[in-house]
Amino acid sequence: MQIKFIYPRWGSSDLPWSVFLNKIKNAGYQGVEIDLPLESIKKNEICWMLKDLELDFVGQHWETQEADFNKHQEQYKRQLYNLVEANPLFVNSHTGMDFFTHKQNSSLIEAAHEIELESGVTITHETHRSRFSFAAHACLTYLEEYPFLKLTSDLSHWCCVAESLLENQAYAVEKAIEHTYHIHARVGSAQSPQVIDPQDSNYKTELDLFTNWWVLMIKKALGKKRPYITITPEYGPYPYSLYKSNTQIPMGDQWEINSFIKNHLAESIKHIPSVICP
């Protein structure tokens, strides 16, 4: 099984697309995780650049945050169709809202599944604060209800919401690992969705725990005989990365820390038979 390392556009949107994509290609990543504009000319330009550089891309949907459910559902479907039409590796979706009813969030999950079946493009749902999957106990209900549900697993959000390292929610974590399709590799803590720097020995407990979760996700994918699994090192920019006092200088360097996570993970899984790291 191949490991595909993916780099997020998040935090680099100030760079022109050509500069960003060439930087990612030259750094040894196999693809990028990006949203796409609804405007077809700009969208096609980006897709052609990706093709020329032979980069995979994960389509990312995060835009829909409308509080009115009917409007939300229409916007959500429009964004998903916009992404699947570009034929990404798959789509990673921020789905629903934490204040929607179970029935409303279920309707969005089912709509995404219909689009997946119609288009042939896999759609995953990210574990993320403010969405249907905002917490371990909340997401668990949907995982048990929908066996087809595929997750982009970022358990840093669940730790932050639960104010714990999920020691007392082992079953929900186990179910999330079982349903993981894509990994967002960011180290969180009981107090934040992102530690200041996972290289800091003060966060060894968190780094070791998250690394163990990621390895279990990779082994689960291997057991399912998947040809590949994608991993996005996702240390984020401000406000995930805090500023030094009275400056706009981040306390952690996003590019450097994501490179560390990429290399750390590659080292952590090199002993697993049949797993091929780039």
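Here, residue 1 is the first one in the sequence, and each next residue gets the next number.
- Heavy-atom neighbours of K42 NZ from other residues, nucleotides or ligands within 6.0 Å: at or below the threshold of 12.
- Side-chain contact check for I3 versus I229: some heavy-atom pair is nearer than 4.5 Å.
- Under the salt bridge (Lys or Arg N to Asp or Glu O under 4.0 Å) criterion, no residue pair touches residues 60-83, with sequence neighbours excluded.
- The shortest side-chain heavy-atom distance between Q254 and S241 does not fall under the 4.5 Å cut-off.
- For residues 13-26, there are no side-chain hydrogen bond (donor to acceptor under 3.5 Å, both in side chains) pairs, not counting sequence neighbours.
- Side-chain contact check for S12 versus W255: every heavy-atom pair is 4.5 Å or farther apart.
- The shortest side-chain heavy-atom distance between N92 and T232 does not fall under the 4.5 Å cut-off.
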Could you give me the CA-CA distance, side-chain angles and deciding distance for V195 and D200, then say whether side chain to side chain contact (heavy atoms under 4.5 Å, CB included) is met? CA-CA 9 Å; V195 300; D200 186 334; over 6 Å; no
Would you please test S107 and Q73 for side-chain hydrogen bond (donor to acceptor under 3.5 Å, both in side chains) and show each step? CA-CA 9 Å; S107 178; Q73 188 169 41; 2.8 Å; yes
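- A donor-acceptor pair shorter than 3.5 Å cannot be found between the side chains of Y235 and E256.
- Residues L242 and F260 share a single hydrophobic cluster, defined by chaining ILVMFWY side chains whose heavy atoms lie under 4.5 Å apart.
- By the salt bridge (charged side-chain N to carboxylate O under 4.0 Å, His left out) test, R186 is found to be paired with D154, E234, residues two or more places apart in sequence or in another chain being considered.
- Look at E267 and K270 and you find a salt bridge, because one of the NZ, NE, NH1 or NH2 atoms lies within 4.0 Å of a carboxylate O, short of that distance.
- Using a 4.5 Å cut-off between side-chain heavy atoms of Ile, Leu, Val, Met, Phe, Trp and Tyr, with links allowed through other members, L117 and Y81 fall into different hydrophobic clusters.
- Aromatic pair F132/F100: centroids not less than 6.0 angstrom apart.
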Go through the steps to decide whether M97 and R131 satisfy the test side chain to side chain contact (heavy atoms under 4.5 Å, CB included), and finish with yes or no. CA-CA 4 Å; M97 300 300 292; R131 303 301 185 168; 3.3 Å; yes
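- The closest side-chain heavy-atom distance from Y203 to I196 is below 4.5 Å.
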Please set out all donor-acceptor pairs under 3.5 angstrom arising from side-chain atoms of residues 205-222, sequence neighbours excluded.
unit_1	atom_1	unit_2	atom_2	d
D208	OD2	K204	NZ	2.6
T211	OG1	L207	O	2.6
T211	OG1	H264	NE2	2.8

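- Note: the hydrophobic cluster containing F90 does not contain L36 (ILVMFWY, side chain heavy atoms under 4.5 Å, direct or indirect links).
- Residues N105 and T95 have side chains not in contact (no heavy-atom distance under 4.5 Å, counting atoms from C-beta outward).
- Crowding of Q248 atom CD: a count of heavy atoms from other residues, nucleotides or ligands under 6.0 Å not exceeding 12.
- Residues Y29 and S259 are in side-chain contact: their nearest non-hydrogen atoms beyond the backbone lie under 4.5 Å apart.
- Two different hydrophobic clusters hold L89 and L55 under the rule that ILVMFWY side chains link at heavy-atom gaps under 4.5 Å.
- By the 6.0 Å contact criterion, CD on E39 is enclosed, its count of non-hydrogen atoms from other residues, nucleotides or ligands being greater than 12.
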Ignoring hydrogens and angles, write down the donor-acceptor pairs under 3.5 Å from the side chains of residues 134-143, residues two or more places apart or on other chains.
unit_1	atom_1	unit_2	atom_2	d
Y142	OH	H102	ND1	3.3

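- Residues V187 and S156 are not in side-chain contact: their nearest non-hydrogen atoms beyond the backbone lie 4.5 Å or more apart.
- No donor-acceptor contact under 3.5 angstrom links the side chains of T64 and Q79, judged on distance only.
- Applying the ring-ring contact (aromatic ring centres under 6.0 Å, His included) test to residues at least two apart or on different chains, the pairs with a partner in residues 35-63 are H61-Y76.
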Step by step, work out the side-chain hydrogen bond (donor to acceptor under 3.5 Å, both in side chains) result for E33 and H182. CA-CA 11 Å; E33 186 164 344; H182 176 44; 3.0 Å; yes
May I have the step-by-step check of side chain to side chain contact (heavy atoms under 4.5 Å, CB included) for K150 and H125, ending in yes or no? CA-CA 6 Å; K150 303 174 191 72; H125 303 271; 5.8 Å; no
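- Under a hydrophobic-cluster definition in which Ile, Leu, Val, Met, Phe, Trp and Tyr are linked whenever side-chain heavy atoms come within less than 4.5 Å, directly or via other members, Y240 and Y243 are assigned to different clusters.
- Using a distance-only test at 3.5 Å, with no hydrogens or angles considered, a donor-acceptor pair links the side chain of Q104 to the main chain of T101.
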